[in-house]
Structure formats: structure tokens, C-alpha cells
Amino acid sequence: MCENLCTSLGTLTTTCCTMSCIKARFLSLLDYKTEKYLVAKNKKVGILYRAIQLSIIGYLIGWVFLRKKGYQEMDESIQSSVITKLKGVSVTQTLESGLMVWGPEDYVIPPQLFSFVSINRPAQSDKRNATKRHFFFSKGSMSGRCLRDAENSTGTCEIYGWCPVERQLKPNGSLLQNAENFTIYIKNFIQFPKFSFSKSNVLETTDKSYLTKCRYDEQLHPYCPIFRLGDIIKRTGHNFQDMATFGGAIAIMINWDCDLDKGYAYCNPQYDFTRLDISVSNKSIAAGFNFRHARYFKNSAGESFRSLFKVYGIRFVIMVHGKAGMFNIIPTVINVAAGLALMGAFCIFYVLYMNLFKFHYYITTSDFPVL
Ligand SMILES: Nc1ncnc2c1ncn2[C@@H]1O[C@H](COP(=O)(O)OP(=O)(O)OP(=O)(O)O)[C@@H](O)[C@H]1O
């Protein structure tokens, strides 16, 4: 505009004029401009506008700040270690084995990495040998020699295997009847590296006898890491004796959800127990858990023997999850700015473009609006 005016003047005057235009433009960069506000004097529009504003403020305070703690910096990379120890003694009297005393060294498999408690185990001793068996359901490798029984038009083939072949015994009750009173000590150490924070689930006390006396209780002893086996199964909603007969798998989930602004004492583990080998419908044919293992020995004549055990028991899977949060100015500023921007954007969008209730605004030089 300024430049157009200059061109209509004489050559010398044009140069002077252009110079002053450039100067004026440069100086205008240093001006401070404000927005122009329009006031819509309409109650319906005003109420709706305030309602949108209030709901955005409510969302910002209630959801972003109180619920999601948007003012905190989060660390979800929990580092953890779990050590377990199982204790309990049981006495059994069976025809096969007579009187037996069972300690953790007998029923915890493997002993140093506790993951399985065998509660039931039919056992048999057998000897390596070649034996004649029916072809189907063979328990060994075929030797290649077979005999045909012409009379009955049947036959038997020889296999290499352990004698006698395994009998399919089904357990009819748990062997270690009092296994539900056994106790598990779960020692868990965690760290949140971003905040150099570490803690354990064991009560910090100088009373050395605390662990021998306490049992975990959500209300009374939340810092006692010793759990009764029966209580764990009960908290999964299943019956211990049912589970002890055919075995099963239990997940022990330890969750650390720590608000470090509240302080060290408020960062505590939450335990959750779930049965893993069963579906919600409870109709799974895959329920239960067992495996076979053998102990080998030789007699004085050098013949190989083994005792074969099919053990039914409970497998424990321990999972540790966690996150920690601590106040930090950066997420706070980002969330406040995002909330304010959202509020501004929503309100402008609503008033100018949505035309929700079919209002028509006429911008006049005098009062606004005219409906
Ligand atoms: N499964 C458990 N049930 C009950 N108490 C337990 C269990 N495991 C450990 N404790 C007790 O907790 C305490 C700490 O156990 P920790 O394994 O750290 O020490 P320890 O002296 O090696 O234990 P212990 O020799 O008695 O097995 C000990 O007093 C121990 O007897």
C-alpha cells in the first residue's frame, strides 16, 4: 500500500518514500498487538460455552492431574529379583514306601530355584531290559524282532525299554495331606533406576524373629513376605485339595505402584494370585500339572536301575510389575499448556464453526450478536 503510493510520486520523492516505508515496516515489528474480543450476549451460547470450559477444566484436574498424575515424571523400567524358600514337613505312610518324612529338599524341584512343589508322586522301580510287548502303546524302541501267534492271529514285538513298563496310575488324593500349611518366603528386591530408588518387600525391622512369627495378611501384616500355601490357593478361588491331586500352575504377581512424592513408606507391593492352568469356563481337559523324573542307581552286580516318579504338584510363576512417579516441572507445564490450548481451541471452534443450535450471528459495528 505504502509502496504503491510512492510510485505515483517523482523519482527523488519515490526513493525517500520507499525508505520511510521500509523503516515503518521494520518499526512495526516492535509493536505489541492484542486480540480483538467479541462478546456474544446470549444466555444459551454463554451457558454452553461455560459448560465446555468447566468440563475441560474438570478433565484437566480430575483425569490428567489427579487420576493420571500428569505432573509426574514416570519410570516404568522396574528392575527386580525374587528369591523364594519353602518350608514345611509332612509324614506319609504308604504300602510302597512305608513311613516317610518329607522336607523341602524332597518336594521342591529344583531345590535352589523354587518353582514346583510336588505333592503327589506315584513311583515305581524298573530295570533296563529287552521285553516283549504288544506293538501298540509301546514304551520303548523296537528291536526288530516279532513273534506271530498263528492261533489268535495276533503277535508281539520286542522293544528295548525299562522293565516293567510304566503302569498308568492315576492319583486318588494328595500324598502330602498337610501341604496347605507349608509356607513360602518370597523375597523381592526392586529398583527404579531413573529415581535411584530401591526397596524390598520385607519389613525393615531389627527384630530378627519377625519372619519366623509373621504370616502375610493384607491388612495386618502387609510387609510380611511369608505366605501359607493354602491361603494362596484360596485367594485364586480354588480348592487346595483338588489342586493338590492333579497339580496346577499359580501366578504370583507382585505389583509396585509407587508415588514417590508421598515418600518411601508409601511405596508398597500389592500381591495378586491367579490359577494359570484353567480357563474361566472351568472345562479345560488340559488342567493340572505333572512331569516325570527318575533317579538312577546300580546294584552290586552292576545292573542299571531307576526309580521313575510321575510327580503332580504346583508350579509357581512369580511376576513383578511396577511403575514409579515423581513431580517434575516439564510434564506439569506440558499438561497445563495442552489443557489451556484445548480449552481455547474447543471454545473458538464451537462459537465460530459448529453452529450447534442453529444460531446465526451477525457481526455489526455496534453490539454483537443480533439474533
Ligand atoms: N518358608 C518359610 N516359612 C517360614 N519362615 C521362613 C521361611 N523361609 C525362611 N523363613 C525364616 O525367615 C528368616 C530369614 O530366612 P533366610 O532364608 O533369609 O535366613 P536363613 O537363616 O538362611 O533361614 P533358614 O536357615 O531358617 O532357612 C529365617 O528365620 C527363616 O527361618
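Sequential numbering from 1 along the given sequence is applied to the chain's residues. Read the numbers this way: they start at 1 and go in the same order the structure lists the ligands and their atoms.
- Below 4.0 Å from some heavy atom of I226 lie the following atoms of ligand 1, by number and element: 3 (N), 4 (C), 5 (N), 6 (C).
- For N268 and Y223, the side-chain atoms include at least one donor-acceptor pair closer than 3.5 Å.
- In K187, the part holding a heavy atom less than 4.0 Å from any atom of ligand 1 is the side chain.
- For the pair E180/Q241, a side-chain contact is recorded, criterion being any heavy-atom separation below 4.5 Å from C-beta on.
- Taking the six-membered ring for Trp and thresholds of 30 and 60 degrees, H293 and F291 have ring planes inclined between 30 and 60 degrees apart.
- At least one side-chain heavy atom of F192 sits less than 4.5 Å from a side-chain heavy atom of D75.
- Looking at K85 next to ligand 1, an N or O pair under 3.5 Å apart turns up.
- Of all non-hydrogen atoms in T183 and R228, the two that sit nearest each other are CG2-CA, 4.3 Å.
- Ranking protein heavy atoms by distance to atom 2 (C) of ligand 1, first place goes to T183 OG1, 3.5 Å.
- Shortest contact from atom 12 (O) of ligand 1 to any protein heavy atom: L211 CB, 3.5 Å.
- For atom 15 (O) of ligand 1, the nearest non-hydrogen atom of the protein is Y185 CE2, 3.5 Å.
- By the 30° and 60° cut-offs, the orientation of the rings of Y271 relative to F227 is perpendicular.
- At a threshold of 4.5 Å between side-chain heavy atoms, the hydrophobic network of Ile, Leu, Val, Met, Phe, Trp and Tyr places I318 and F182 in one connected group.
- For atom 20 (P) of ligand 1, a protein heavy-atom neighbour is found at a distance under 4.0 Å.
- The proximity of T212 to ligand 1, defined as any non-hydrogen pair under 4.0 Å, is limited to the side chain.
- Of the protein's heavy atoms, K87 NZ, 3.3 Å lies nearest to atom 24 (P) of ligand 1.
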